[in-house]
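Remember, predicted model here, so these are calculated numbers, not experimental data. We number each residue from 1, following the sequence as shown. Side chains included, hydrogens not; waters and symmetry mates left out as well; all remaining heavy atoms used.
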Amino acid sequence: MSDLQRPALCCCRKAPVEGGPSPCPERCQRVDVASASNFHSFRLRHFHLDLRLDFAAKEMSGRQVLELVPLQAGVQTLVLDAHPSLLVHSIDCTVPGAAGSPDRCLSLTYRLDPFTDYGSSLIISLPAAVVRPRRTLQITVRYTTTDGPAIWWLDAGLTSGQTSPLVFTQGHSVCNRSFFPCFDTPAVKSTYSATVHVPEGVTVLMSSSHSAYSEQDRAFQFSMEFPVPAYLVALVAGDLQPADIGPRSRVWAEPCILTSAVSKLGGSVERWLAVAEGLFGPYVWGRYDIVFLPPSFPVVAMENPCLTFIISSILESHEFLLIDVIHEIAHGWFGNAVTNATWEEMWLSEGLATYAQRRITTEAYGEAFTCLETMFRLDALHRQMRLLGDTNPMSKLQVKCEPGVNPSSLMNLFTYEKGFCFVSYLSHLCGDIQSFDSFLRSYIQQFQFCSVVAEDLLNLFLGFFPQLKEREGLDFDRWLNECGPPLYEPDLSAGAILTEPVQCLCELWGEEVPEPQAIASFDLSSWSTFQTVLFLDRLLDRSPLPQEVMTRLSCCYSALLDGMNAEVQIRWLQIVVRNRFYPDLPRVRSFLHKHTSRMYTVPLYEDLCAGVMKCFAAEVFSQTQARMHPNLRRTLQQILFQSSTPPSETPLPLLPVTSPAPAPTPTDMPSTGCISLRNVNVSA
Ligand SMILES: [Zn+2]
């Protein structure tokens, strides 16, 4: 069998033929240091969750049934990833009876051992009598979840409608071990099903291909017929209403924002899906639904299969909404159908999804728009590069995950944009973009529902374009393992019609105050959002600006920008803060009173606290913290008080400063701001 035939992948990525030898033993040695589980020893065929949601107690309780096939004779333990917040009540195993006899249920002994600060090891003893190679084991774990990092319970006051509570889960990267015991590694995929019991009036959605509701049992039934890694199992429950926006797409949202959501996305989603199918082959997941979540959602969007989760705060920023949804659609091929097998290669999902997203926007909105959006992001990449320095290991595409380190901390702008540049380089090497589209279709066909490493992609690439094997100077290893900026960036000159006016206006606003007539020839109100944010980001890069320039900028633009969307506003307000421009400080206050999402508060608080406005920040925080999710409140408290004691005139916060830190989420990591994911503004 050549490398290019569909491989019988080894157990670290996909089960080999049952009972057969591993086709590539060296791969079986690959470990996921972020997983305590012995996933190499089993094949997970399927699991079922049967849960009851208790909004008052903020608990989910019930059972999980795992169907496992031992891959080795004599395996005596099953080790699952779990979390100290999971209370395990009992574990048993169903043993099939001899012919004609009923199955037996055997109670198993287990213990929960510490593993890292983001999880535990659930070690289950397996009696020799129940383990037979190739015979399916059925293990039932009865448990209750408490306050783990995957599960976000929102009181009614934290929802958009403020009338009913809501709960959602966020699995990426390694949070779902606090939702259910699992092989919490992207190397393992399985189908799953679920039964979820809820109080009357609550709608439950999951990342599943089929769902049904039983009025009699007040239970929702879900089944995901395609294999997915644990981190892509997601649930949301609350006062959610549906509206169809296409033949296979539906928007779900709280009633008060449903109309707005439908008006922003109606008609577009099916068009984007059709463009994506034209480029990368069939959309395999059946449905593509979107659920809008309250501002407490800790990331902008998450590519949960069949059901993208997205923050409602992005609704007003139309172009960002468009990019974010298209990015999540692209994950239907890159990330969800074909997944990175290790957390060290998340660029395989994010870099390819970003490339695919830009292929879709090029087809749907033209090259100029796509080049503008790309320039905006690559600007952010270079900004981070300047902050980090050329030798910072964070800038590697393949980052080493050390034991104990939460893999979420490995994800940064390089994962997305350096990954995108590498994929663009591969496209550039093969000569024309359509041939590279064909290659990507072949990549999806070859590895659909598998987890892969970079080597799989690159071997397939060189097999698809054999003439490149002879080519000298292919720098794949440097791309993957060296620090520093991308070795190649795509030509963005096709965006000149949109980017040149921005560059010209930036040049006008140099060290001197420009002539009023010169400025007047640029009408920002006619610009697209991405033009405006590119302009503001470049001004932000040059801050602090001379005071007279800042005064004139405010005079020209402050009122205009204040009427624009939140993505524009926050950039202008960061300029205000970094330039200590007190006349516009009331705008900062009103923005922070309006927005309680992580993405629109953390960057401003970081800027306020890095400068001389910490007292102002503490005052605004004390006025608004009651409307924030406790996790965000703790993050902001850390920003406010991490390097000094609270100013004496500051009102005491509601929560003690010594509260335990929230479980890390992708947006928690960059407390310094220098690798802030808000610059990424796409999913985890
Ligand atoms: Zn993504």
Side-chain angles (χ1 to χ4, degrees), residues 383 387 505-506 508-516 519-520 522 524-525 532-533 535-625 627-628 632 635-653 671-674 676 678-679:
R383 185 175 309 121
L387 285 164
L505 189 58
C506 284
L508 269 182
W509 288 99
E511 291 300 304
E512 306 287 321
V513 176
E515 291 295 318
I519 303 169
F522 294 87
L524 257 63
S525 66
T532 312
V533 294
F535 170 60
L536 294 175
D537 272 357
R538 288 185 174 185
L539 287 181
L540 196 58
D541 284 343
R542 288 175 8 208
S543 295
L545 298 157
Q547 198 63 20
E548 59 275 21
V549 170
M550 192 58 212
T551 305
R552 190 78 192 124
L553 275 170
S554 173
C555 181
C556 289
Y557 304 126
S558 191
L560 174 70
L561 298 172
D562 206 39
M564 293 186 180
N565 62 59
E567 290 290 336
V568 171
Q569 280 183 46
I570 189 172
R571 286 173 171 81
W572 169 245
L573 298 177
Q574 283 186 279
I575 293 171
V576 167
V577 171
R578 288 197 201 172
N579 285 282
R580 302 176 192 178
F581 190 71
Y582 290 94
D584 273 336
L585 214 49
R587 297 189 198 276
V588 178
R589 182 189 298 276
S590 65
F591 185 87
L592 289 175
H593 271 264
K594 182 181 173 195
H595 293 282
T596 52
S597 65
R598 182 170 288 267
M599 64 181 187
Y600 292 142
T601 52
V602 169
L604 267 176
Y605 275 97
E606 283 178 336
D607 280 347
L608 286 165
C609 294
V612 294
M613 298 183 181
K614 195 177 258 191
C615 293
F616 171 84
E619 184 196 331
V620 175
F621 175 74
S622 72
Q623 292 162 351
T624 55
Q625 62 164 321
R627 293 187 286 115
M628 292 173 186
L632 174 61
T635 302
L636 295 181
Q637 281 181 317
Q638 285 166 353
I639 293 168
L640 278 161
F641 306 130
Q642 65 185 351
S643 57
S644 65
T645 49
S648 57
E649 67 273 31
T650 308
L652 281 175
S671 59
T672 60
C674 66
S676 172
R678 68 148 285 107
N679 286 326

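For the pair V612/R580, a side-chain contact is recorded, criterion being any heavy-atom separation below 4.5 Å from C-beta on. Between D584 and L573 there is no side-chain heavy-atom pair separated by less than 4.5 Å. By the 4.5 Å heavy-atom criterion applied to side chains, N579 and L553 are not counted as neighbours. At least one side-chain heavy atom of S554 sits less than 4.5 Å from a side-chain heavy atom of W572. Counting heavy atoms from C-beta on, the side chains of R383 and L540 never come closer than 4.5 Å. L561 has its side chain within reach of T532: a pair of non-hydrogen atoms, C-beta onward, lies under 4.5 Å apart. A 4.5 Å side-chain heavy-atom check between I519 and Y557 finds at least one atom pair inside the cut-off.
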Dump the intermediate steps for side chain to side chain contact (heavy atoms under 4.5 Å, CB included) on V576 and M550, then the final yes or no.
CA-CA 8 Å; V576 167; M550 192 58 212; 4.2 Å; yes
Between E548 and R552, is the salt bridge (Lys or Arg N to Asp or Glu O under 4.0 Å) condition met? List the steps.
CA-CA 6 Å; E548 59 275 21; R552 190 78 192 124; over 6 Å; no
Side chain to side chain contact (heavy atoms under 4.5 Å, CB included), that's the test. Do T601 and T624 meet it? Break it down for me.
CA-CA 11 Å; T601 52; T624 55; over 6 Å; no
Can Q638 and Y605 be said to form a side chain to side chain contact (heavy atoms under 4.5 Å, CB included), step by step?
CA-CA 10 Å; Q638 285 166 353; Y605 275 97; over 6 Å; no
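In this structure, the separation between CG on L505 and CZ on F535 is 4.0 Å, given to the nearest 0.5 Å. One finds the CE atom of M613 at 10.5 Å from the CG atom of L604 (value rounded to the nearest 0.5 Å). Here the CG-CD distance, from L640 to Q642, works out to 9.0 Å after rounding to the nearest 0.5 Å. Atoms CD and OG1, on E606 and T635 in that order, are 9.5 Å from each other to the nearest 0.5 Å. Atom SG of C609 and atom CZ of F621 lie 10.0 Å apart (nearest 0.5 Å).
Taking each heavy atom of V549 and G510 in turn, the nearest pair found is CG2-O, 4.0 Å. Shortest non-hydrogen contact noted between C506 and R538 is SG-CB, 3.8 Å. Closest non-hydrogen pair, Q569 versus M564, comes out as NE2-O, 2.6 Å. The nearest pair of heavy atoms linking P586 to P583 is CD-O, 3.4 Å.
Counting heavy-atom neighbours within 6.0 Å of E512 CD, excluding the residue itself, gives a total of 12 or less.
At distances below 3.5 Å, not a single donor-acceptor pair connects side-chain atoms of R578 with backbone N or O atoms of D541. Remark: side-chain polar atoms of S590 are paired, donor with acceptor, to backbone N or O of R587 under 3.5 angstrom. R589 places no side-chain N or O within donor-acceptor distance of the main-chain N or O of L585, the cut-off being under 3.5 Å. T551 contributes a side-chain N or O that, together with a main-chain N or O of Q547, makes up a donor-acceptor pair within less than 3.5 Å.
Each of L608, L592, V588, L636 was compared with V620 under the side chain to side chain contact (heavy atoms under 4.5 Å, CB included) criterion, and only L592 meets it.
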